[in-house]
Amino acid sequence: MGLYVQLVNHGVSDEGMRMTKENVRGFFELPHHEKQKSAQRPGSLEGYGQAFVTYHEQKLDWNDMIFLKCHPPHARNLDLWPQNPPEFRMALEKYSEHMRKLAEAVAKYIGMALGIHEEELDLLAKSFGEGSCQVRMTCYPACPEPERAVGMTPHADATGITLLTECGNVAGLQVLRKDNCWVTVLPVPGTIVVNLGQIMEVYSNGTYRAPDHRVVVNKEKERVSIATFCNPSPSLPVGPSPQLLAATGLPPIFQTLSSSEEFMQRFYSRKLLDAVPFIDSLKL
Ligand SMILES: O=C(O)CCC(=O)C(=O)O
Ligand SMILES: [Fe+2]
């Protein structure tokens with residue numbers, strides 16, 4: 001199974017968490033025409049709308065979502081940031097700033113677990129501190145026929161590290177185990193789920209897998225989640241760690257791309273319905 005962890009003592013205050021969750025929920029409770037003010041513009045995934053729509057007849061996921069770039073500040077498209085609820089913007093700005101710092105710390109611990117040290121470890125952590133952060137907030141309404149719908153289609157995140165907050169105590173996230181069974185990640189109040197992304201899978205030369213995950217829906221309760229996608233700075237090449245390769249004597253199993261920007265460009269320019277999972281296209 002890929003790497004996911006439920007994190008306690010993550011440094012976000014209870015009050016900060018409460019504010020963020022309240023405002024995100026508040027946004028989804030607004031009437032449709034109000035949410036539409038943040039609607040995705042044609043050709044862009046940013047804003048209020050749908051994720052992962054790649055072809056015309058695709059079945060849509062059972063969710064309502066808004067996706068916003070938060071860091072660096074000049075990447076923000078504030079015209080898509082909701083002005084309602086009135087404290088939404090402030091809450092998201094603070095929350096995403098916390099997540100960026102948390103990603104820096106988590107990257108460092110993952111590096112240490114891989115045996116990376118000194119300059120390379122500092123570079124890895126620093127590059128997450130300087131990298132980009134995007135937040136996807138998703139509301140999965142209760143579904144009258146849950147067995148016929150999917151909340152979010154199975155995927156692995158094409159990110160460095162994803163940090164996920166669940167806004168209530170409603171299960172829905174599932175991770176694919178090695179034996180091909182889906183296991184539910186039971187929500188633990190106050191924790192943040194760390195989902196490893198494919199950039200870190202490449203960096204770890206396959207030691208850690210970016211887990212395939214999906215979201216299932218249920219009849220009774222709606223579920224709201226906040227996923228923060230954290231990426232290293234574009235100046236960091238994306239490839240297996242040089243120190244790790246030297247220490248293990250293993251050959252690299254992935255190619256090295258010049259930057260996380262190139263990684264993203266390749267990810268988004270895949271052909272529709274590519275048969276080969278994206279990460280496999282980077283294998284040597
Ligand atoms: O809602 C969740 O728990 C997961 C969301 C997710 O996987 C994503 O946004 O990439
Ligand atoms: Fe995901």
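Counting starts at 1 for both ligands and their atoms, in listed order.
Between H155 and H213 the shortest side-chain heavy-atom distance falls below 4.5 Å.
Side-chain contact check for D157 and T162: at least one donor-acceptor pair (N or O, by modelled atom type) lies under 3.5 Å.
Listed by first then second residue, pairs satisfying salt bridge (charged side-chain N to carboxylate O under 4.0 Å, His left out) with a partner in residues 79-89 read R41-D79, not counting sequence neighbours.
Centred on the Fe ion (ligand 2), the OD1 atom of D157 and the NE2 atom of H213 lie at an angle of 90°, reported to 10°.
Every atom of ligand 1 with a heavy atom of F229 under 4.0 Å away is listed here by number and element: 8 (C), 9 (O), 10 (O). Atoms of ligand 1 found under 4.0 Å from any heavy atom of V215, numbered from 1 in the order shown, are 1 (O), 2 (C), 3 (O), 4 (C). Below 4.0 Å from some heavy atom of R136 lie the following atoms of ligand 1, by number and element: 8 (C), 9 (O), 10 (O). Remark: ligand 1 atoms within the under-4.0 Å shell around heavy atoms of L173 are 3 (O). Close approach of ligand 1 to L164 is summarised as follows: ligand atoms under 4.0 Å from at least one heavy atom of the residue are 2 (C), 3 (O), 4 (C). Numbered from 1 in the order shown, with element, the atoms of ligand 1 that lie under 4.0 Å from a heavy atom of Y140 read 1 (O), 2 (C), 4 (C), 5 (C). Set against the non-hydrogen atoms of A227, the atoms of ligand 1 under 4.0 Å away are 9 (O). Atoms of ligand 1 lying under 4.0 Å from at least one heavy atom of D157, given by number and element, are 10 (O).
Which of H213, E166, R223 comes nearest to atom 3 (O) of ligand 1 through a heavy atom is settled by distance: it is R223.
For Y268 and F278, the gap between ring centers reaches or exceeds 6.0 Å.
Heavy-atom distances between H155 and ligand 1 reach below 4.0 Å in at least one pair.
Checked against a 3.5 angstrom limit, the closest N/O atoms of S225 and ligand 1 fall inside it.
Between E262 and R266 there is a salt bridge, since a side-chain N of the basic residue sits under 4.0 Å from a carboxylate O of the acidic one. Contact check on E104 versus K101 returns no salt bridge, with no Lys/Arg side-chain nitrogen under 4.0 Å from an Asp/Glu carboxylate oxygen.
When every heavy atom of L244 is checked against every heavy atom of T207, the shortest pair comes out as CD2-OG1, 4.1 Å.
With sequence neighbours excluded, the residues satisfying salt bridge (charged side-chain N to carboxylate O under 4.0 Å, His left out) with K37 are E34.
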